[in-house]
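Atom set for the values below is all heavy atoms of this structure, side chains included, hydrogens, waters and symmetry mates excluded.
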Amino acid sequence: MKIRNILLLALGAFLLFLGARALVQTADAADRLADAVYVQDGIVRPENEGRLVVVSGTVTMVAPAYDGVYGLTLDTPAAQRYDERYVWNENAQQWEWMTESSQTIVGRAAIGQYGIASSITAQFPRNDSYDAFDAGETAGYDLHSDIGGETYLSADNREQFYYHCCDLARDGEMTLVGVQRGSTLTLSNKVGSACVNPGILTPREVSGRETRIGVVSTLLFGFLGGLTCVFFALKGVLFLKKKTDVPE
């Protein structure tokens with residue numbers, strides 16, 4: 001058996017193991033969400049201290065996100081900055097802008113009486129191009145937009161950056177899941193991707209969303225990936241066996 005086939009079998013077995021574990025974790029997360037306290041009025045109650053709570057309502061910004069690297073205040077609780085550099089693409093034989101890095105920038109937000117921990121705010125949707133800059137803060141930058149409406153800032157002709165932000169005017173209604181610590185909603189690593197949900201959801205809907213996401217990701221990246229690796233490994237083994245069995 002060739003090393004390639006052995007590696008494929010090992011990788012396939014590992015992915016199948018991860019898939020099975022993810023299914024168990026998804027079921028556990030769904031069970032925990034089913035037992036969570038559902039807070040519709042946003043009121044912090046002492047009896048919920050340390051418990052998993054599902055809080056639904058309208059998110060408000062307490063303090064805007066501030067990018068300390070470039071000294072820019074962003075009128076949003078959560079944003080993503082993308083840094084680009086103008087580089088020579090050897091394969092395409094042309095100069096082009098390439099994204100080098102990105103950084104999540106958060107301010108402070110609240111939902112009802114709950115302050116929202118930055119680790120949860122960092123998972124808010126950040127899908128909108130941002131262009132509402134303070135003219136005083138951008139005095140040293142060149143601002144320009146492309147045909148797609150993206151607004152770029154640059155201090156020279158080789159580097160530029162842009163932001164995507166959370167638009168609370170459109171996406172402000174959310175259902176958040178976390179642990180109540182004092183008057184702060186903190187991140188729980190036991191609920192997976194369900195800590196931030198768009199719209200006003202019931203606990204059953206939140207649990208169902210977590211289950212669907214877990215099952216889909218498990219099927220795509222666990223079982224299908226594992227089975228694909230095992231299939232090609234066995235195919236390689238059978239091919240080698242046939243070659244070995246052919247009479248001279």
Side-chain angles (χ1 to χ4, degrees), residues 42 44 55-87 96-189 191-201:
V44 176
V55 187
S56 61
T58 300
V59 174
T60 57
M61 183 173 67
V62 177
Y66 178 74
D67 188 348
V69 174
Y70 294 107
L72 298 176
T73 303
L74 309 173
D75 189 24
T76 178
Q80 192 78 16
R81 188 189 72 235
Y82 297 90
D83 300 289
E84 295 187 340
R85 181 182 292 273
Y86 201 53
V87 297
E96 57 187 36
W97 289 101
M98 298 288 291
T99 299
E100 285 199 324
S101 62
S102 69
Q103 181 177 343
T104 302
I105 303 159
V106 299
R108 292 166 52 208
I111 183 167
Q113 295 179 350
Y114 286 88
I116 303 171
S118 59
S119 52
I120 294 180
T121 306
Q123 300 191 50
F124 283 3
R126 303 178 298 279
N127 303 318
D128 289 65
S129 300
Y130 187 83
D131 60 2
F133 298 101
D134 185 312
E137 293 182 340
T138 58
Y141 296 102
D142 172 52
L143 274 71
H144 57 281
S145 301
D146 61 14
I147 57 175
E150 203 75 73
T151 299
Y152 297 88
L153 298 92
S154 60
D156 58 52
N157 59 359
R158 289 297 180 91
E159 295 181 352
Q160 65 181 17
F161 58 95
Y162 63 95
Y163 298 92
H164 283 177
C165 70
C166 176
D167 182 5
L168 289 183
R170 186 191 64 217
D171 301 324
E173 285 194 341
M174 300 185 195
T175 298
L176 307 180
V177 183
V179 177
Q180 179 179 311
R181 303 291 184 191
S183 61
T184 302
L185 189 66
T186 63
L187 182 67
S188 170
N189 58 7
V191 296
S193 58
C195 65
V196 176
N197 302 273
I200 308 298
L201 305 181

Minimum side-chain heavy-atom gap Phe161-Val69 below 4.5 Å = no

With sequence neighbours left out, what residues match Ser56 under side-chain hydrogen bond (donor to acceptor under 3.5 Å, both in side chains)?
-> Tyr38

If every non-hydrogen atom of Gly199 is compared with every non-hydrogen atom of Thr175, which pair is closest and at what distance?
-> O-OG1, 2.7 Å

Quick one: which residue pairs count as a salt bridge (Lys or Arg N to Asp or Glu O under 4.0 Å) with a foot in residues 156-176, not counting sequence neighbours?
-> Arg85-Glu159, Asp128-Arg170

So, for Ala117 and Thr186, which heavy atoms are closest and what is the spacing to 0.1 Å?
-> CB-CA, 3.9 Å

Tell me, please, which residues at least two apart from Ser119 pass side-chain hydrogen bond (donor to acceptor under 3.5 Å, both in side chains).
-> none

Are Leu187 and Cys195 side-chain neighbours, meaning at least one heavy-atom pair lies under 4.5 Å?
-> yes

Listed once per pair and sorted, the salt bridge (Lys or Arg N to Asp or Glu O under 4.0 Å) pairs that draw on residues 110-119, sequence neighbours left out = none

Taking the side chain as every heavy atom from C-beta outward, state whether Thr60 and Ile111 have any atom pair closer than 4.5 Å.
-> no

Mark yes or no for whether Gln180, through its side chain, and Val44, through its backbone, hold a donor-acceptor pair below 3.5 Å.
-> no

Could you list all the salt bridge (Lys or Arg N to Asp or Glu O under 4.0 Å) pairs where at least one residue sits in residues 107-124, not counting sequence neighbours?
-> none

In terms of heavy-atom contacts, Ser129 and Gly149 come closest through CB-O, 4.2 Å

Considering non-hydrogen atoms only, spot the tightest contact between Thr76 and Cys165 and give its length.
-> CG2-CB, 3.7 Å

Across all chains, not counting sequence neighbours, the ring pair (Phe, Tyr, Trp, His ring centres under 6.0 Å) partners of Tyr130 are Phe133

Qualifying residues under ring pair (Phe, Tyr, Trp, His ring centres under 6.0 Å), relative to Tyr114, sequence neighbours excluded = none

With sequence neighbours excluded, residues passing ring pair (Phe, Tyr, Trp, His ring centres under 6.0 Å) with Phe124 = none

Between Ile116 and Ala110, which heavy-atom pair has the shortest distance, and what is it?
-> CD1-C, 3.7 Å

What one should report as the nearest heavy-atom pair of Pro125 and Met174 is CD-CE, 4.1 Å

dist Ser118:OG -> Ile105:CD1 (nearest 0.5 Å) comes out at 13.0 Å

Kindly write out the residues that satisfy ring pair (Phe, Tyr, Trp, His ring centres under 6.0 Å) with Tyr162, not counting sequence neighbours, or none if the list is empty.
-> Tyr82, Tyr152, His164

Hits for side-chain hydrogen bond (donor to acceptor under 3.5 Å, both in side chains) against Thr184, two or more places apart or cross-chain, chain-then-number order -> none

Euclidean distance, Ser154 OG relative to Tyr86 OH, rounded to 0.5 Å = 12.5 Å

Is there any salt bridge (Lys or Arg N to Asp or Glu O under 4.0 Å) pair reaching into residues 72-84, and which pairs are they, with sequence neighbours excluded?
-> Asp67-Arg81, Arg81-Asp83

All N/O donor-acceptor pairs, side-chain side in residues 138-145, below 3.5 Å, sequence neighbours left out:
from	atom 1	to	atom 2	distance (Å)
Thr138	OG1	Asp134	O	3.3
Thr138	OG1	Ala135	O	3.4
Tyr141	OH	Tyr70	O	3.1
Asp142	OD2	His144	ND1	3.4
His144	NE2	Gln160	OE1	3.2
Ser145	OG	Thr151	OG1	3.4

